[in-house]
*Asks:* 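Handing you this structure, nothing more for now.
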Amino acid sequence: MPVQTDESNSSEAGLRPDGPKPALAFNRLCKSFDGIPVLREITARFMPGTVNVLAGENGAGKSTLFKIISGQLAPDSGILVVKGAPVLTFDPRHARGLGVSIIPQELLPIPDMKVWQNLLVGRERVSALGFLKRREMMAEARRLLEEFHLDIDPEAPMRRLGVAATQMIEIIKATSRDSDVVLMDEPSSSLSSRETEELFRAIRLLRARGACILYTSHRMEEIEQISDTVAIMRDGAFIRQAPTSTLTERQIITDMVGRDIEDLFPNRVIGANRTPVLEVRDFKVAGYPASTSFTVHAGEILGLGGLVGAGRSELLEAIFGLRKADGDIRLDGAPVAGSSPAKSIRRGIAFVPEDRKLAGVLTSLSILDNVTLPHLAGFTGGAGFVDNAARRARTLDVLRRTRTKYARLGQIVAHLSGGNQQKIALARWLVTGTPRLLILDEPTRGIDVGARSEIYQLIHDLAASGVAVLLASSDMPELINLSHRILVMRGGAIAGELTRDAVNQEGILRLAMGKTKDAA
Amino acid sequence: MQPDRATIPSGDLAAPTPVRTRVDVRALLLRYALVIVLFVFVGVLGVSNASFFTLSNFNVVLLQVSTNALLATGATYVILTGGIDLSVGSVVGMSGVVAAMVAQRDGLPWSTAAVAAGVAAGGAVGLLNGSLVAVARVPAFVATLGTMTIALGIAYVLSDGQPISGLSDAFLAVSDHFYGFPVPVLLMVAAVVVSWLLLSRTRLGLHIYATGGNPQAARVAGVNLRAIRLTVYTISGLLAGLAGVVLASRATAGIATTGTGYELNAIAAAVIGGISLMGGRGSIFGTVFGFMIIGVLDNGLNILNVSPFYQLIIKGAIIIGAVFIDSTLNRKDD
Amino acid sequence: MQPDRATIPSGDLAAPTPVRTRVDVRALLLRYALVIVLFVFVGVLGVSNASFFTLSNFNVVLLQVSTNALLATGATYVILTGGIDLSVGSVVGMSGVVAAMVAQRDGLPWSTAAVAAGVAAGGAVGLLNGSLVAVARVPAFVATLGTMTIALGIAYVLSDGQPISGLSDAFLAVSDHFYGFPVPVLLMVAAVVVSWLLLSRTRLGLHIYATGGNPQAARVAGVNLRAIRLTVYTISGLLAGLAGVVLASRATAGIATTGTGYELNAIAAAVIGGISLMGGRGSIFGTVFGFMIIGVLDNGLNILNVSPFYQLIIKGAIIIGAVFIDSTLNRKDD
Amino acid sequence: DKAKPVIGFTVYDMSSFIAWGKQGAEAITKAINGTLLWQSAHNDVNAQISQIQQFINQKVDVIIIAAVNSATLGPQIEQATKAGIPVIATNLSISGPEAAKLVSYVGPNDVGAGEQEAQAVVDALKGKGNVVIMQGPVGQSGAIDRTKGIQNILAKNPGIKVLAMQPANWERTQAYKLMQDWLSRYNGQIDGLISENDDMAIGSIQALKEKGLAGKIPVSGVDAIKDGLRAIRSGDIIETNLQNGALELGMAVQVAVDHLQGKPVPKEAMLQMPAITKANVDKFYDQLFDHSDKFIEGLPELIKQNMASGQYANE
Ligand SMILES: Nc1ncnc2c1ncn2[C@@H]1O[C@H](COP(=O)(O)OP(=O)(O)OP(=O)(O)O)[C@@H](O)[C@H]1O
Ligand SMILES: Nc1ncnc2c1ncn2[C@@H]1O[C@H](COP(=O)(O)OP(=O)(O)OP(=O)(O)O)[C@@H](O)[C@H]1O
Ligand SMILES: [Mg+2]
Ligand SMILES: [Mg+2]
């Protein structure tokens with residue numbers, strides 16, 4: 001790869017003998033895919049013992065930059081300097097050797113291996129005879145899990161863990177190593193506040209130890225809480241890097257998005273009517289002892305709160321027909337029996353699952369195919385062929401409404417940034433008119449503020465037009481500001497209900513953790 | 001293996017991006033390397049032996065590949081869903097025997113019935129495969145390995161190990177000409193064209209790609225995985241049955257062992273053509289190049305009168321080389 | 001296919017959770033169905049025919065499965081990484097021919113050299129497979145299909161298509177007894193035990209599972225995918241070479257076509273035993289049950305004097321049935 | 001039990017020849033009230049070794065082998081002999097020193113068959129012309145010996161030129177493709193085809209038909225399968241050589257039984273294959289196919305007569 005190494009660049013990039021040595025520096029780093037530039041001449045320096053937030057819209061190039069630093073991609077040109085030495089080999093093993101570790105945006109569990117093996121693969125302990133010291137490794141894994149207050153059996157198969165727990169495992173993997181540079185690509189996107197606290201605790205420890213941390217997140221409130229500096233990326237370029245204390249949230253957003261966002265959340269209109277759309281009675285999800293009963297009305301956004309592992313996702317999957325359950329579900333008064341996703345879709349239920357890579361999108365298919373997959377019957381003409389012109393038109397329309405950044409409709413979804421993939425998972429349900437019931441499980445995971453306000457408006461408008469919305473989210477402001485009503489779940493059961501006037505973060509947390517509503 | 005994302009160029013899936021929606025320049029470019037390989041090979045053959053570049057030899061090649069073409073087309077469906085069908089070789093033999101048993105009687109109705117019976121026998125095994133995979137959840141490799149053995153056993157039992165011969169002329173005409181075109185070649189062309197339309201232009205086709213690309217996500221998007229899997233194995237079985245009928249007609253007998261080993265050739269054609277065994281990736285045109293390369297190789301090496309021992313070595317090396325060039329070129333493109 | 005997570009029970013991967021780290025009750029329970037199938041079958045055989053339950057017949061079964069055991073063990077490594085090795089059948093023939101060519105000279109040194117040459121020939125093909133897959137990024141199916149053809153061609157060329165016989169007694173002793181135990185059986189046991197330790201107790205083993213379980217994750221975690229892939233194909237080649245040597249000694253001749261079709265049997269044993277073709281799942285004990293079931297079936301049906309035609313049908317049905325029961329039981333457990 | 005012997009019979013595979021031969025073996029076994037244990041090795045050397053060991057374990061009275069490969073099975077023959085079980089080879093000869101331990105070999109005269117079929121084509125071409133030769137699988141003794149016989153005749157006829165010689169593995173579809181390729185390459189030059197079995201001859205004739213050459217150039221085969229005799233009738237094949245599986249394998253059983261009963265048996269019984277042409281095809285077709293039941297019925301008697309007369313292949 002053509003990596004420039006001329007003198008002037010090197011000195012700019014932090015090879016200067018005088019002054020404190022940056023842990024990480026780039027000089028004029030460039031990268032493009034298919035001739036489309038994704039990183040444009042990025043130059044920046046990051047010091048040891050600091051937490052640096054990278055802020056930028058979906059598709060700005062944050063993950064691409066992280067992948068270059070962690071050796072998963074090679075830059076087209078420019079210099080990457082780690083701890084004062086230019087990097088010439090781009091390979092994950094090499095990067096690890098240099099003391100770089102990463103929490104990738106797309107989680108990388110090895111589902112068929114156990115939790116302890118997932119935690120420790122690549123840094124095994126081996127006896128003199130070459131055998132694994134399994135007991136020691138297991139104890140180490142247990143210690144790490146306990147450190148993060150995770151009640152997970154190290155012997156459990158990884159496959160059993162949900163997204164949030166998987167995310168925590170990635171966090172442990174990256175932070176428990178003696179790394180000097182730790183890259184965190186949206187580590188908190190599926191965490192609830194409790195786990196996020198654990199993450200922040202680990203970050204502070206790392207910082208105290210002198211590690212340099214790069215952090216991305218679309219949750220604006222986290223920036224202020226955790227970071228020392230903020231670097232703002234737009235369209236593949238660094239447009240500003242400054243100490244956090246000198247910036248306001250508003251400034252950051254404006255820089256990122258290139259426009260002012262007045263209100264993230266739409267002004268709520270009162271107006272959920274009393275027509276029940278979804279009625280759930282004594283509904284028991286396989287594997288959970290408790291049963292649930294609730295109703296979602298037309299035009300209502302019903303929020304589902306709870307800690308990670310509360311069983312929200314399982315409940316939503318069961319309602320959509322992905323999971324076995326007993327009990328009574330009615331849609332518009334008619335009983336829904338023997339459900340499957342295909343039937344649910346036909347009945348007008350839309351579902352955005354929590355894990356986009358696993359279930360939300362098909363990364364090997366094109367954007368066009370992904371968006372129209374659930375509605376192909378509607379696009380099929382008399383001869384049995386799919387009407388491409390019609391579906392292209394509709395797809396273009398929803399992509400515009402969700403502010404999705406892409407190159408071509410035929411582009412495969414794997415080549416989109418994480419946030420834009422999430423937009424695809426959402427956009428596909430907006431293609432044909434409006435659904436009756438919209439089930440959203442962490443719908444804005446990884447979506448930038450700009451698009452988020454847009455999407456909130458969309459959800460809100462849908463509700464206003466009479467759609468019933470069931471929304472599970474670990475993002476508290478989102479849950480509180482969008483929902484008409486919030487059910488808090490715990491251990492698969494509904495621990496309590498909060499009406500709009502009574503909603504606040506503590507109230508939700510108290511219920512989620514098993515305390516009563518009013519106990520202070 | 002895990003689905004490979006292009007963001008990490010680990011190259012675990014060497015197959016290129018599927019281009020299914022149009023026969024465009026990009027599709028041709030993506031299959032560039034295989035086209036080059038095929039043409040270079042044809043060129044070398046043509047120069048080294050005059051008899052290669054004749055219309056009648058072109059006909060011969062098409063006739064020779066027609067069986068594998070039918071099977072490879074079936075394999076394409078199955079592999080696109082992430083499955084595999086090892087039973088087709090035995091099904092060729094079995095449906096040939098079944099058809100031959102009916103075709104011993106004279107007359108057009110009987111020979112029509114013979115064709116129908118042979119194709120139906122293949123379809124029945126395909127349906128069984130599909131049920132085992134989609135409903136009973138037996139891994140495709142084991143299910144179709146089992147039915148491969150069973151179908152061969154049935155063919156033996158039905159024929160008592162003897163060729164079933166003495167077939168009516170009407171049945172023998174099945175492998176003959178139709179308005180000047182050899183019927184097996186016409187069937188091959190029909191199978192490819194229909195499959196192209198089906199895979200790239202219909203809902204079923206997209207659902208097949210989705211099933212292979214990510215079954216869970218496909219299910220969430222409303223794809224009926226069970227129906228799709230049943231369908232692809234049945235199609236594969238039907239095409240194998242058809243191939244068996246054509247072969248029985250050409251060999252003037254139904255012979256139980258006729259198709260032994262054909263399954264590997266069919267899968268090879270698809271995989272050489274870039275259909276990923278992980279599912280969800282590749283196009284029927286890739287398969288066409290796959291079986292054409294194999295066919296031209298076989299024919300060409302015979303025409304050059306290469307010793308059969310060295311034919312094996314050369315054939316293996318060329319196939320590996322073709323796919324290597326193909327995947328290397330496409331990786332850059334990717 | 002995509003990794004299956006418990007949150008969406010689509011059941012696309014029917015194989016059970018691997019239990020590899022200990023030979024515990026759970027492991028036995030997970031393999032329960034296969035054990036049952038095996039024992040029921042053995043019981044039925046024992047009751048219906050006295051000669052089945054004899055020590056000497058037990059020996060015959062073990063001797064007979066020993067070849068497939070070596071190949072299936074090799075297949076286990078390769079399949080665990082998500083690959084496939086179709087070349088082993090041809091490698092058996094080729095390394096047998098190579099060993100036989102050396103073993104025609106008398107004396108212990110020559111026969112030792114013969115064994116070494118045969119095993120090395122297998123290892124060389126394995127290394128070639130590994131390089132093609134890991135370095136040149138040719139899909140495993142195509143790469144090993146190519147080397148399968150090439151190895152057979154080489155075996156033919158070396159032997160000129162004739163059996164290489166007249167082997168020294170020292171070489172023939174390779175398949176004989178050692179302290180009362182048949183050497184092929186000892187080799188089989190050694191291969192299984194070493195593989196068990198290697199796969200479940202060492203870093204290499206862990207990395208093999210990680211490579212098959214999620215290559216990207218393994219790569220980011222610092223696993224050297226290239227080295228792992230090179231290793232597993234080389235191991236498979238070496239074991240196939242060893243099997244070829246043993247068979248040549250047993251058959252008193254090196255014959256090019258000896259191993260034709262063995263690859264499918266080896267892969268079948270692994271897959272029946274629950275090794276997922278998607279990689280990353282299963283245990284070597286599963287493979288042991290896989291090849292034992294195949295071996296006992298073959299032996300038992302012969303002892304019961306079932307007609308060869310019906311043997312095929314019964315064998316296919318029992319294998320599908322065993323895996324069906326196994327995966328159904330394990331799905332509940334999961 | 002010498003009166004009701006248990007016969008272990010292992011064959012290389014269930015080819016159509018063997019399937020027909022099995023009927024003969026069963027007929028003889030039935031006639032002497034014995035038990036026939038029949039196993040197929042599916043062309044796997046290893047499986048056949050195990051099957052023989054299994055027979056030894058089961059303590060059968062006699063073992064008959066149609067070997068997968070001539071070069072193997074020495075140790076197993078020795079093992080059986082040591083256990084007091086006589087071994088007889090059939091169809092495929094067994095080479096090597098252990099062959100001496102065989103009680104008897106009952107097999108076809110493949111060299112003779114090759115000579116006969118080559119001579120037929122040479123005669124039809126009047127000693128001058130270009131021929132192609134289609135062989136059985138490389139390394140199989142049947143193919144090797146038939147090729148030897150063909151070459152014996154060609155050596156005496158310098159006017160015949162061999163354009164190409166390749167295996168098509170006894171198979172119709174492979175032969176069809178190979179013949180097509182040859183016709184492409186040697187456009188108009190091929191004057192005759194010597195095929196080492198009838199199946200390959202029939203596959204080739206399909207290719208010849210496409211060029212309008214069927215019946216125009218002489219084709220010969222071996223085996224006299226049903227389609228082969230039909231092709232003789234229609235003139236597409238000019239000569240084939242009858243290898244009667246039922247007679248051959250039946251005789252192997254009879255030899256085994258005679259040996260068990262202490263009667264002398266021939267060490268080597270070579271069945272000379274009768275040549276079949278248009279002149280005598282009807283008789284054989286009737287005997288083998290129209291009234292095969294009758295043939296099997298009379299088989300025990302016929303074999304006894306043949307063994308007494310020494311004309312083993314007499315029908
Ligand atoms: N392998 C690839 N091939 C083609 N384009 C790609 C590839 N990977 C990323 N891109 C493009 O590069 C751009 C930057 O993507 P990147 O993943 O770095 O964005 P990001 O800033 O991390 O966004 P997000 O906040 O959504 O995660 C996007 O437009 C994306 O479509
Ligand atoms: N912190 C944890 N400790 C123990 N088990 C966990 C934890 N997090 C997740 N799990 C397990 O993983 C499963 C799925 O987790 P996931 O994160 O998807 O939570 P969930 O049930 O979807 O809850 P929610 O959607 O409310 O966060 C849970 O059923 C639980 O058994
Ligand atoms: Mg990103
Ligand atoms: Mg959840």
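The chains referred to below are lettered A, B, ... by the order of the sequence lines, with proteins before strands, and numbering in each begins at 1.
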*Asks:* Heavy atoms, side chains only, cut-off 4.5 Å: are A:Gln72 and C:Gln216 in contact?
*Replies:* no
*Asks:* With a 4.5 Å limit on heavy-atom distance, are the side chains of C:Leu206 and A:Met113 in contact?
*Replies:*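 Counting from C-beta outward, C:Leu206 and A:Met113 do come under 4.5 Å.
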*Asks:* Compare every heavy atom of A:Arg93 with every heavy atom of C:Asn224, then report the nearest pair and how far apart it is.
*Replies:* ND2-NH2, 3.5 Å
*Asks:* What pair of heavy atoms forms the shortest contact from A:Pro92 to C:Val220, and how long is it?
*Replies:*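 Distance-wise, the nearest heavy atoms are CB-CA, 4.2 Å.
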*Asks:* Would you name the heavy atoms of A:Val126 and C:Arg203 that are closest together and state the gap between them?
*Replies:*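 The pair with the smallest heavy-atom distance is CG2-NH2, 3.5 Å.
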*Asks:* Using every non-hydrogen atom in the two residues, find where A:Ile110 and C:Ala217 come nearest and quote the distance to one decimal.
*Replies:*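 Distance-wise, the nearest heavy atoms are CG1-CB, 3.8 Å.
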*Asks:* Got a donor-acceptor contact below 3.5 angstrom from the C:Arg201 side chain to the A:Leu132 backbone?
*Replies:*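 No: the side chain of C:Arg201 does not pair with the backbone of A:Leu132.
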*Asks:* Given heavy-atom pairs under 4.5 angstrom as the criterion, report whether the side chain, backbone, both or neither of A:Ile102 touches chain C.
*Replies:* side chain
